Amino acid sequence: MMLSNDTGCLYVVATPIGNLGDITRRAVEVLSAVDLVAAEDTRHTRRLLQYLSIDRPLLSLHEHNERERMHALLERLRAGEQVALVSDAGTPLISDPGYPLVRACRAEGIRVVPVSGASALIAALSVAGLPTDRFRFEGFLPRRATARRERLQALATAPETLVFYESAHRIEESLADLCAVFGEAREAVLARELSKRHETLLDGTLGELLARVCADPDQRRGEFVLVIAGAPAEAEGDEQALRALLAVLLEELPLKQASAIAARLSGEKKNRVYRLALAMRGEE
Ligand code: SAM
């Protein structure tokens, strides 16, 4: 493949999320032809390039050196070089490094070309069997429990299908928080190790998924995408009414008392109302 060599160009190249057969022919052509491959982890990408019999110079670009490396890469692109950006797996910039570089290239008028391919987000959505006409990608939930629950509280009434990335370390905790905030009955799909040997799709309610994951250590191994059904339409209206009620009560009463009264008046569970009141105090 001949790349244009009169102006610099950044190719944003997707790589497999597990199964190496998912590399595209175009990705191989571009990776073989560029002057430089900017990679999240050069050792990891070197193995991929070796597998593809490609020998190109590599430069690391990860979340800790991204800003400084960007300047060196911009210099080379300005000088007319062809650069490929890859991450460890899937599509760069999707919960992966690259955003500042792409933004800077576009601001300078340097050509940016997507070489599309695998992404765990789209792979999971395509098989979950939940609505895909509208969805909301939330990436990773916060690590800290308080921040995580606040985030979930803010999403509890979103009507779109929700998609989260999750690691083996936190899958159990996140599912437990999801049950607590969204309710155990919400429908969801847990996509594990997509395109790999132990690929598993678990579906059911959040409560059922938590039980399966707790009961079977194998279901806690590997990489996960959690796809969760959006909230039923009436939930948004209910939440707005509850927020309005809490807002008035919180002006006059301490948080605990305000949420107890709001729970009695609305018929909502006490701990859900309390968490919402806490989140509202945080938003003030
Ligand atoms: N850029 C990647 C993409 O396009 O999918 C995502 C990178 S993000 C740092 C890594 C997360 O993606 C994992 O923690 C997991 O949530 C998800 N993931 C990546 N590969 C996966 C796979 N084979 N099966 C399930 N989830 C995967």
Side-chain angles (χ1 to χ4, degrees), residues 10-24 26-27 30-31 37-45 47-48 51 60-66 84-103 112-130 132 135-143 148 151-152 155 161-175 177-178 188-203 206 209 212-213 216 218-228:
L10 178 70
Y11 294 87
V12 181
V13 182
T15 57
I17 56 169
N19 190 323
L20 293 178
D22 285 346
I23 191 84
T24 67
R26 187 160 168 246
V30 168
L31 290 170
V37 179
E40 188 180 3
D41 177 343
T42 51
R43 282 169 309 175
H44 183 95
T45 300
R47 282 197 294 275
L48 175 70
Y51 166 80
S60 75
L61 179 93
H62 47 70
E63 59 173 328
H64 304 295
N65 69 2
E66 196 168 6
L85 172 69
V86 299
S87 61
D88 286 352
T91 302
L93 277 83
I94 308 300
S95 294
D96 266 341
Y99 166 68
L101 177 63
V102 168
R103 191 167 171 82
V112 183
V113 174
V115 181
S116 53
S119 180
L121 152 70
I122 300 298
L125 262 180
S126 72
V127 292
L130 289 170
T132 52
F135 64 87
R136 186 159 165 170
F137 176 54
E138 282 289 321
F140 290 97
L141 280 164
R143 289 177 186 199
R148 188 167 57 234
R151 185 81 210 107
L152 291 177
L155 294 169
T161 296
L162 297 168
V163 187
F164 298 96
Y165 281 166
E166 198 47 277
S167 69
H169 310 296
R170 267 183 299 278
I171 188 66
E172 218 175 321
E173 279 172 67
S174 288
L175 277 170
D177 283 347
L178 278 158
V189 174
L190 185 59
R192 183 174 79 92
E193 295 288 85
L194 292 168
S195 81
K196 303 185 203 175
R197 188 202 303 223
H198 297 293
E199 178 179 283
T200 324
L201 289 174
L202 295 182
D203 54 34
L206 282 170
L209 293 185
R212 296 276 296 273
V213 165
D216 181 356
D218 284 343
Q219 296 305 327
R220 301 197 285 271
R221 297 204 172 98
E223 300 188 284
F224 301 86
V225 184
L226 245 174
V227 188
I228 301 178

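Order of listing sets the numbers, starting from 1, for every ligand and every atom in it. Residue numbers count from 1 along this sequence. Just the heavy atoms: all of them, side chains too, but no hydrogens, waters or symmetry mates, feed the values below. Predicted model only: the values in this text are computed from it and were never measured.
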Checklist entry - With atoms numbered from 1 as shown, which atoms in ligand 1 lie under 4.0 angstrom from a non-hydrogen atom of Ile94? => result 1 (N), 2 (C), 4 (O), 6 (C), 7 (C)

I'd like a table of donor-acceptor pairs (distance under 3.5 Å, sequence neighbours excluded) in which one partner is a side-chain atom from residues 163-170, with atom names and distances.
from: Tyr165; atom 1: OH; to: Leu121; atom 2: N; distance (Å): 3.0
from: Glu166; atom 1: OE2; to: Ser174; atom 2: OG; distance (Å): 2.7
from: Ser167; atom 1: OG; to: His169; atom 2: N; distance (Å): 3.4

Item to check | Glu166: numbered ligand 1 atoms lying under 4.0 Å from its heavy atoms | outcome: 14 (O), 15 (C), 16 (O)

Next on the checklist: Starting from atom 2 (C) of ligand 1, what is the nearest protein heavy atom, named by residue and atom, and what distance separates them?
Outcome noted: Ala89 O, 3.2 Å

Next on the checklist: Between ligand 1 and Glu223, is the shortest N or O to N or O distance under 3.5 Å?
Outcome noted: yes

Next on the checklist: Give the atom numbers and elements of ligand 1 that come within less than 4.0 Å of a heavy atom of Gly90.
Outcome noted: 3 (C), 4 (O)

Next on the checklist: When you compare ligand 1 with Pro92, is there at least one nitrogen or oxygen pair between them that comes in under 3.5 angstrom?
Outcome noted: no

Item to check | Residue pair Ala120 / Leu194: nearest heavy atoms and the distance that separates them | outcome: O-CD1, 3.9 Å

Checklist entry - Looking only at distance, does Gly18 have an N or O less than 3.5 Å from an N or O of ligand 1? => result no

Checklist entry - Backbone or side chain, does any N or O of Ser87 fall under 3.5 Å from an N or O of ligand 1? => result no

Next on the checklist: Checking the side chain of Ser195 only, and the main-chain atoms of Asn19 only, is there a donor and an acceptor separated by less than 3.5 Å?
Outcome noted: yes

Item to check | Ala191 N/O under 3.5 Å from ligand 1 N/O | outcome: no

Checklist outcome for this item: If we number the atoms of ligand 1 from 1 as shown, the ones under 4.0 Å from a heavy atom of Glu193 are 23 (N), 24 (N), 25 (C)

Next on the checklist: Using a 3.5 Å distance criterion without hydrogens, assess whether the side chain of Thr91 forms a donor-acceptor pair with backbone atoms of Ala118.
Outcome noted: yes

Item to check | Arg103 CZ to Leu93 CG distance, which is reported to the nearest 0.5 Å | outcome: 11.5 Å

Checklist entry - What is the closest protein heavy atom to atom 11 (C) of ligand 1, and at what distance does it sit? => result Phe140 CZ, 3.6 Å

Next on the checklist: Taking a cutoff of less than 4.0 Å between a non-hydrogen atom of the residue and any ligand atom, is Ser195 in contact with ligand 1?
Outcome noted: no

Item to check | Residue Lys196 vicinity, atoms of ligand 1 by number, heavy atom under 4.0 Å | outcome: 23 (N)

Checklist entry - Rounded to the nearest 0.5 Å, how far does OG1 of Thr42 lie from CG of Asp88? => result 9.5 Å

Checklist entry - When only distance counts, is Ala118 in polar contact with ligand 1, meaning an N/O pair under 3.5 Å? => result no

Item to check | For ligand 1, the portion of Asp96 having any non-hydrogen atom under 4.0 Å away | outcome: side chain

Item to check | Spatial distance of atom CZ (Arg151) from atom CG (Leu155) [nearest 0.5 Å] | outcome: 4.5 Å

Checklist entry - Closest non-hydrogen protein atom to atom 16 (O) of ligand 1, residue and atom name please, with distance? => result Phe224 O, 2.6 Å

Checklist entry - What protein heavy atom sits nearest atom 24 (N) of ligand 1, and how far off is it? => result Leu194 N, 2.8 Å

Checklist entry - Between the side chain of Thr200 and the main-chain N/O of His198, is any donor-acceptor distance below 3.5 Å? => result yes

Checklist entry - Roughly how far, to the nearest 0.5 Å, is CG of Asp203 from CG of Leu130? => result 8.5 Å

Next on the checklist: Regarding ligand 1, does Ser119 bring an N or O atom to under 3.5 Å of one of the ligand's N or O atoms?
Outcome noted: yes

Checklist entry - Got an N/O contact under 3.5 Å between Ser95 and ligand 1? => result no

Checklist entry - Short question: side chain of Glu40, backbone of Val86 - any donor-acceptor pair under 3.5 Å? => result no

Next on the checklist: Testing Val102, Val113, Val30 one by one against Val12 for a side-chain contact (heavy atoms from CB on, under 4.5 Å), which residue passes?
Outcome noted: Val102

Checklist entry - Any side-chain heavy-atom pair from Arg192 and Glu223 closer than 4.5 angstrom? => result no

Checklist entry - What's the shortest heavy-atom distance between Ala128 and Val189, and which atoms? => result O-CG2, 3.4 Å

Next on the checklist: Under 4.0 Å from a heavy atom of Thr91: which atoms of ligand 1 are those, numbered in the order shown and with their elements?
Outcome noted: 1 (N), 3 (C), 4 (O)

Next on the checklist: With a cutoff of 4.0 Å, is Phe164 in contact with ligand 1, counting heavy atoms of the residue only?
Outcome noted: no

Checklist entry - So do Leu178 and Leu152 actually touch side chain to side chain, heavy atoms under 4.5 Å? => result yes

Item to check | Residue and atom name of the nearest protein heavy atom (relative to atom 26 (N) of ligand 1), distance in Å to one decimal | outcome: Val225 CG2, 3.4 Å

Checklist entry - So is Ala120 polar-close to ligand 1, meaning N/O to N/O under 3.5 Å? => result yes

